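Remember, it's a predicted structure, so these values are computed and weren't measured experimentally.
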Amino acid sequence: MKTFVIGLLLGMACWASAQEVGSGGKRSYYVKDKESAGQVHEVIPKAKRGYYVKDGKLVNRVFIEDAGRLDRMTRVIIPQQPGHEAAVLYPRDIDEYGFPGEERYVSCIILRDSAYHNVFLEEFVHINDSSTLFYYRQGHDEEFYLQTGEDIRLLTADNFRMLWEGMLARKEGCLSDELRQELSARIDYRSIKKFLTAYRHCNENLIQRVRYGAAVGIGGGSPASNTQAVPPMHYSGLGLSWTAGAFVQLPLDRYFNFRAELLFACLDQRSPSTLDDDIYATYERRSLQLPLLFRYNVNQVRGRFVPYVEAGPLFDFRVGGKVEHRSIIEIGTTPPAFFQAGLAAGAGVEYKLSRKHSLYAGLRYHFLRGENTQRNREAETTNHLLFALGWGF
């Protein structure tokens, strides 16, 4: 009884504490720091460990609100936390701040609209010991500043081209002239990030682009169905299977792509049924197929040949065809299943004709399964093994 009373009192105390925390309209969030031996710190949401430098002194391991890029260039919000009072710091208050291994922001005075402004500039890339490229954005305007020693100046498109030329001269032949011209025509955050990624790895395959194109496939296919109501349809060998259509391929990062295809597919199989040599079965299917694939390009490989693997769901909608069984005494005809779903998987290689054009060749396996409502909802499956070709631009 004593144990029960103590447990009840502890439960009520915990409930009252939770009510006190949640009733004030200000929720408390807790983050466990792996490096603090299990200690728990109270912080506000969207905050992470960072640092700042004030008057040459480093204040390290302090939680900083993880604001958006525009806010980061105007102020630093430090929530109330053990060892530090809540504070809002502006470029005039500190020298720099950042997050270890991630972004770094430096307090600088820049000339904009015929006036000097004290702002935080994001360190974009450390070019060498004496030169650093910084990024600044206000509204929709993006600006880049190059700091050389104590001097900092706004870069124009012509300045950028000179900068690229100087960088590429150190790695002559690393990137193609086509890529350099493509990126130098657009001076924006994403384009420069792409250029620097390719430059650092000396590999322009790491810059993926949206692709459109045509795709065809030819190979063998085999259907199968089984029911007790009518003779089962099991086919020997492979029938002719082919597909033709179009695709769009969207890059997700340096290596992964999402590839959606719309294909017109045909499968024709005519053979004796494995149940009885006197029963001849015919399967004809005309359909629209929709493969939704995730493709991994082995872009670590340099050069024009890039291997890939892919897999994803596959949907098939019948637009024509027939299932027919013929014996010496009767002929029965029904349509194939209207809808089938399954998986597609394959592997191959992309050959890059240029930055904008590629050829694809590989093997693709399609497995599909559906129910034929015209034949007592029997299970109907089809398998396709295709040699796939494509052209993208």
Side-chain angles (χ1 to χ4, degrees), residues 210-227 229-235 237-250 252 257-271 273 281-295 308-326 331-348 360 362-392:
V210 177
R211 297 281 193 186
Y212 305 91
V216 297
I218 187 168
S222 176
S225 60
N226 194 9
T227 184
V230 294
M233 297 297 174
H234 294 286
Y235 302 85
L238 294 176
L240 176 64
S241 175
W242 61 270
T243 61
F247 73 87
V248 58
Q249 183 168 299
L250 307 175
L252 302 178
N257 298 272
F258 173 70
R259 181 182 175 103
E261 300 179 354
L262 180 61
L263 306 173
F264 179 76
C266 292
L267 174 59
D268 292 292
Q269 172 70 301
R270 296 174 177 83
S271 70
S273 170
T282 297
Y283 186 95
E284 297 177 358
R285 185 178 182 86
R286 309 289 183 263
S287 59
L288 290 178
Q289 290 186 353
L290 181 64
L292 302 176
L293 305 173
F294 291 92
R295 173 175 288 192
Y308 68 83
V309 292
E310 59 186 4
L314 172 65
F315 305 98
D316 183 291
F317 302 88
R318 171 178 54 81
V319 295
K322 65 180 180 179
V323 177
E324 181 180 274
H325 65 280
R326 181 190 299 264
I331 297 176
T333 302
T334 56
F338 171 73
F339 174 72
Q340 293 182 336
L343 293 172
Y360 305 92
L363 288 177
R364 174 86 67 80
Y365 173 68
H366 289 184
F367 170 77
L368 290 158
R369 185 182 188 279
E371 288 187 345
N372 193 326
T373 58
Q374 302 294 319
R375 293 168 61 89
N376 272 2
R377 304 186 68 87
E378 70 179 1
E380 182 179 297
T381 62
T382 57
N383 295 270
H384 310 252
L385 182 62
L386 302 166
F387 178 63
L389 294 171
W391 175 72

Peer 1: State, yes or no, whether a side-chain contact exists between Arg211 and Tyr360 at a heavy-atom distance under 4.5 Å.
Peer 2: yes

Peer 1: Just wondering, do Phe317 and Phe338 contact through their side chains at under 4.5 Å, heavy atoms?
Peer 2: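 Sidechains of Phe317 and Phe338: in contact.
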
Peer 1: Measuring only between side-chain heavy atoms, which start at C-beta, is Thr243 closer than 4.5 Å to His384?
Peer 2: no

Peer 1: Would Arg286 and Asp268 pass as an ion pair if we require N to O under 4.0 Å?
Peer 2: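 Looking at Arg286 and Asp268, the cut-off is met.
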
Peer 1: About how many Å separate CG of Leu385 and OG of Ser241, when rounded to the nearest 0.5 Å?
Peer 2: 9.0 Å

Peer 1: Regarding Arg295 and the six-membered ring of Phe247, is the cationic atom NZ or CZ under 6.0 Å from the ring centre and inside 45° of its axis?
Peer 2: no

Peer 1: Side chains of Arg364 and Leu314: closer than 4.5 Å at any heavy-atom pair?
Peer 2: no

Peer 1: CZ of Phe264: more than 12 outside heavy atoms within 6.0 angstrom?
Peer 2: yes

Peer 1: Once rounded to the nearest 0.5 Å, what's the spacing between atom CG of Leu290 and atom CG of Leu262?
Peer 2: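 Nearest 0.5 Å value for the CG-CG distance: 6.5 Å.
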
Peer 1: Check the orientation of Phe315 and Phe339. Use parallel for under 30°, tilted for 30 to 60°, and perpendicular for over 60°.
Peer 2: parallel

Peer 1: Can you list every side chain to side chain donor-acceptor pair (under 3.5 Å) pair that touches residues 332-344, not counting sequence neighbours?
Peer 2: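 Applying side chain to side chain donor-acceptor pair (under 3.5 Å) to every pair that reaches into residues 332-344, excluding sequence neighbours, yields Glu324-Thr333, Gln340-Glu380, Gln340-Thr382.
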
Peer 1: Working to the nearest 0.5 angstrom, can you tell me the gap between Gln249 CD and Glu261 CD?
Peer 2: 9.0 Å

Peer 1: Counting C-beta onward and ignoring hydrogens, is there a side-chain heavy-atom pair between Phe258 and Leu292 closer than 4.5 Å?
Peer 2: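 Touching, per the 4.5 Å side-chain cut-off.
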
Peer 1: Quick check: closest heavy atoms across Gly219 and Leu386, and the distance to 0.1 Å?
Peer 2: N-CD2, 3.7 Å

Peer 1: Mind checking the OG1-CD spacing from Thr282 to Gln269? Nearest 0.5 Å is all I need.
Peer 2: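 Going from OG1 on Thr282 over to CD on Gln269, the span is 9.0 Å.
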
Peer 1: How far apart are the closest heavy atoms of Ser287 and Asp316, and which atoms are they?
Peer 2: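 Residues Ser287 and Asp316, closest heavy atoms: OG-OD2, 2.8 Å.
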
Peer 1: So do Arg285 and Pro223 actually touch side chain to side chain, heavy atoms under 4.5 Å?
Peer 2: no

Peer 1: Test of understanding: with ring-ring contact (aromatic ring centres under 6.0 Å, His included), list the residues that count as partners of Tyr365, not counting sequence neighbours.
Peer 2: none

Peer 1: Over all heavy atoms of both residues, which pair between Pro336 and Arg318 is shortest? Give the atoms and the distance, please.
Peer 2: O-NE, 2.9 Å

Peer 1: Side chains of Leu267 and Tyr283: closer than 4.5 Å at any heavy-atom pair?
Peer 2: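 Leu267 reaches Tyr283 side chain to side chain.
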
Peer 1: With side chains defined as the heavy atoms from C-beta onward, is the minimum distance between Leu252 and Phe294 less than 4.5 Å?
Peer 2: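 Leu252 reaches Phe294 side chain to side chain.
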
